Number of protein chains: 2
Amino acid sequence: MSTAEETGEDAPWGEVTPEAARRLLVAAVEAFAERGYHATTTRDIAGRAGMSPAALYIHYKTKEELLHRISRIGHDRALALLEAEAGGEAPAAERLAGAVRSFVRWHAERYTTARVVQYELDALSDEHRTEIIELRRQSDAVVRRIISEGVAAGEFDVPDVPGTTLAVLSLCIDVARWFNAQGSRTPEEVGALYADLVLRMVAAQK
Amino acid sequence: MSTAEETGEDAPWGEVTPEAARRLLVAAVEAFAERGYHATTTRDIAGRAGMSPAALYIHYKTKEELLHRISRIGHDRALALLEAEAGGEAPAAERLAGAVRSFVRWHAERYTTARVVQYELDALSDEHRTEIIELRRQSDAVVRRIISEGVAAGEFDVPDVPGTTLAVLSLCIDVARWFNAQGSRTPEEVGALYADLVLRMVAAQK
DNA sequence: CCCGATCCTGAGCAAGCGCTTAGGGTCTGG
DNA sequence: CCAGACCCTAAGCGCTTGCTCAGGATCGGG
């Protein structure tokens, strides 16, 4: 019914195709975000999706495969957001602010997903973890590139580019930990605040 | 043997008094930090402490009590570090930089402990969690006070004091997630970098 | 030499875990 | 009305979990 209108950017799990598999995945995201991967049982996931425990194994080989799918899709999305703002001819300050705003907004709006994506890495198998870490390396590279270009253009004054990149990403990612929907700030507001703070961190000193 | 020289500030668990109980607690910190609370078994903790699984229950009523003790001591320590730098007659900029440097250094040096303290809150019982959250509220208040005083004194320009306080603490706390001992940065260096970045975040604009 | 206190272990219980399997509904095409 | 594909469930297997308990090792005081 709502599949058609949800295929855009606002449908986070539109790419998960059998509808039953998507229901299970959404249920898993909620459960993992609330209790953590290890504290979540396959019975709980199946129950939230309105199915019996056995139904899960028709669509996914293991519980870890569910986590991997969530993590993979989430990282792809986060990286795409960064890359969308990184290119172009705009000044580095504008591109950095855009990247931070958009990245932070995603971590706030989809904070259940982001929590799983950012904080359950250790629960992945070795193989899957290395795959995901490579995506994070790419995110790091995108941000570092913007900052480097800002320094080269004389827009920024950053003594330690890798360290500042790390801090910027760390700041944004941690939004997923403390943000909650009942709080007083909207994702939009947090994005704007953080973009301002990050620009101050790299600004040319007076 | 080394108990005497470790009773100072550098002995994080000096206050845990029966020696066997301390061994178990240190083992639990390691295990929780590596695998997470829920993925750690009581057999693993006891094994690391060189004891049988049953020995744990002579010193602690439950596995959750171990987590609570770790969390409580860690939060007390972190709060004490902040408070030690917050007072005095020095300019707000100096006090803020000192607090960040010291807080970050602790999160890096004791990153195993800090990881448990900061990221396993959800595993606590309702009662214990409320107790710990109150300590975090106090940490927030300490930092907010320094920033407010800096604004009042005209040292800082901060449009959103609660939001900036949140961001500063979030930035520092997240060090525990990404820091690792084999990395290229020392806790000292990360503390210095972060103190600089935070001062930029609050600095009066040119 | 024995006594009681202290601290720990071996063995194991009930419950819950991830996952499997045999089989039964339901729907489409004829 | 039937056939066969598809999707799901009831039941449960083998294992691990947090935790318990009866009893043994060790040691200072009489």
Side-chain angles (χ1 to χ4, degrees), chain A residues 1 3 13 16-71 116 120-129, chain B residues 1 3 13 16-71 116 120-129:
Chain A
M1 29 173 72
T3 21
W13 310 116
V16 183
T17 42
E19 199 254 343
R22 179 168 51 234
R23 256 161 56 219
L24 283 164
L25 192 135
V26 169
V29 169
E30 284 174 20
F32 291 164
E34 268 178 37
R35 312 205 208 296
Y37 175 81
H38 287 291
T40 299
T41 69
T42 54
R43 284 162 177 82
D44 182 20
I45 297 170
R48 284 175 193 246
M51 302 181 195
S52 80
L56 195 151
Y57 293 91
I58 293 161
H59 301 280
Y60 301 94
K61 275 214 300 278
T62 62
K63 177 179 153 188
E64 194 267 350
E65 189 193 325
L66 256 174
L67 176 64
H68 175 238
R69 288 275 264 271
I70 294 166
S71 198
V116 178
E120 299 289 355
L121 245 164
D122 292 346
L124 289 170
S125 70
D126 287 350
E127 200 181 347
H128 287 157
R129 190 172 36 248
Chain B
M1 31 175 71
T3 20
W13 309 117
V16 184
T17 42
E19 200 253 344
R22 179 168 50 236
R23 255 162 57 218
L24 282 164
L25 193 134
V26 169
V29 169
E30 282 174 23
F32 290 163
E34 267 178 38
R35 310 204 210 297
Y37 175 80
H38 287 292
T40 299
T41 69
T42 54
R43 283 164 177 80
D44 183 19
I45 297 169
R48 285 175 193 245
M51 303 181 194
S52 81
L56 194 151
Y57 293 90
I58 294 161
H59 301 281
Y60 301 94
K61 275 213 302 280
T62 63
K63 179 178 152 188
E64 194 267 349
E65 189 193 327
L66 255 174
L67 177 62
H68 175 238
R69 288 274 264 270
I70 294 167
S71 199
V116 178
E120 300 288 355
L121 245 165
D122 292 345
L124 289 170
S125 69
D126 287 349
E127 200 180 349
H128 287 158
R129 190 172 37 247

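Naming: A, B, ... by sequence-line order, numbering from 1 per chain. Given the structure is predicted, the values throughout are model-derived calculations rather than measurements.
Judged by distance alone with a 3.5 Å cut-off, no donor-acceptor contact links the side chain of A:R43 to the base of C:dG16.
Put simply, NZ on B:K63 is 13 Å from C1' on C:dG16, counting in whole angstrom units. A straight line from CZ of A:R35 to P of C:dC17 spans 10 Å, rounded to a whole angstrom. In this structure, the CD atom of B:E19 is 13 Å from the C1' atom of C:dC7, given to the nearest Å. Regarding A:D44, its CG atom lies at a distance of 10 Å from the P atom of C:dG18, rounded to whole Å. Rounded to whole Å, atom C1' of C:dG18 lies 15 Å from atom CD1 of A:I58. What separates CZ of B:R23 from P of C:dC7 is a distance of 12 Å, to the nearest Å. The distance from atom OH of B:Y37 to atom P of D:dT17 is 14 Å, rounded to the nearest whole Å. Residue A:H38 contributes atom NE2, which lies 16 Å from atom C1' of C:dG16 at whole-angstrom precision.
The shortest heavy-atom contact between A:V116 and A:V29 is CG2-O, 3.7 Å.
Using a 4.5 Å heavy-atom threshold, the side chains of A:Y57 and A:T42 count as touching. Between B:E120 and B:I70 the shortest side-chain heavy-atom distance does not fall below 4.5 Å. Counting only heavy atoms from C-beta outward, the side chains of A:M51 and A:R23 approach each other to under 4.5 Å.
Checking the phosphate oxygens (OP1, OP2) of C:dT20, no side-chain nitrogen or oxygen of A:Y57 falls inside 4.0 Å. At least one side-chain nitrogen or oxygen of A:H59 sits closer than 4.0 Å to the OP1 or OP2 atom of D:dC8. For the OP1/OP2 pair of D:dC8 and a distance below 4.0 Å, the side-chain nitrogens and oxygens of A:S52 include no atom meeting the criterion.
Map B:M51 and A:P53 each onto its nearest nucleotide of DNA chain C; the residue landing nearer the 5' end is B:M51.
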